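Notes follow the structure.
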Amino acid sequence: MSDNPRLTAAADVRDLSSCEVCGASIEPDPPDGFTRYAREVAGYLDHFAEAHPDHPILDAPEGFL
């Protein structure tokens, strides 16, 4: 295990390309000046808001992502 927090954080990044609930493929939001990861998070949360509106990730996304 690495003591470097940057490497640890990179290893802990969740795969946001598919929904863990229904398996749907999730595309990041279109380029808008934000980083790719920020656009992936936005696309992931948009999917949950539309497809799984009662999922707890919408109440506290920082605890999941």
Side-chain angles (χ1 to χ4, degrees):
M1 178 143 174
S2 173
D3 291 329
N4 184 333
R6 296 181 113 198
L7 295 177
T8 302
D12 291 339
V13 173
R14 178 184 292 231
D15 175 21
L16 302 177
S17 64
S18 64
C19 176
E20 64 185 36
V21 176
C22 68
S25 177
I26 301 173
E27 294 295 322
D29 281 0
D32 58 2
F34 289 97
T35 65
R36 177 167 176 85
Y37 184 70
R39 292 183 290 114
E40 287 175 349
V41 169
Y44 196 76
L45 293 175
D46 287 348
H47 168 77
F48 273 84
E50 293 173 12
H52 313 290
D54 295 329
H55 195 280
I57 193 171
L58 298 172
D59 294 331
E62 64 278 359
F64 289 87
L65 304 174

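Numbering of residues begins at 1 and proceeds along the displayed sequence. Computed from a predicted model, the values in this text were never measured in an experiment.
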(message) Taking side-chain hydrogen bond (donor to acceptor under 3.5 Å, both in side chains) as the definition, give me every residue that meets it alongside His55, ordered by chain and number, with sequence neighbours left out.
(response)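 Here no residue qualifies.
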(request) Not counting sequence neighbours, list each pair that qualifies as a salt bridge (Lys or Arg N to Asp or Glu O under 4.0 Å) and has a residue in residues 31-43. (result)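 Qualifying pairs: Arg36-Glu40.
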(request) Using the side-chain hydrogen bond (donor to acceptor under 3.5 Å, both in side chains) rule, collect all pairs that involve residues 18-29, keeping only residues at least two apart or in two chains. (result)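 side-chain hydrogen bond (donor to acceptor under 3.5 Å, both in side chains) check on residues 18-29 returns Arg14-Glu20.
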(message) Quick check: closest heavy atoms across Asp15 and Tyr44, and the distance to 0.1 Å?
(response)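 Scanning both residues completely, I find the closest heavy atoms to be O-CE1, 4.5 Å.
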(message) Could you report the tightest heavy-atom contact between Leu16 and Tyr37, atom names first, then the distance?
(response)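 Of all heavy-atom pairs spanning Leu16 and Tyr37, the closest is CD1-CE1, 3.7 Å.
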(request) Following the transitive rule for hydrophobic clusters with a side-chain heavy-atom cut-off under 4.5 Å over Ile, Leu, Val, Met, Phe, Trp and Tyr, establish whether Val41 and Phe34 coincide in one cluster. (result)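 Different clusters.
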(request) Name all residues meeting the side chain to side chain contact (heavy atoms under 4.5 Å, CB included) criterion together with Asp59; count only those two or more places apart in sequence or in a different chain, and write none if there are none. (result)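 Result, side chain to side chain contact (heavy atoms under 4.5 Å, CB included) vs Asp59: none returned.
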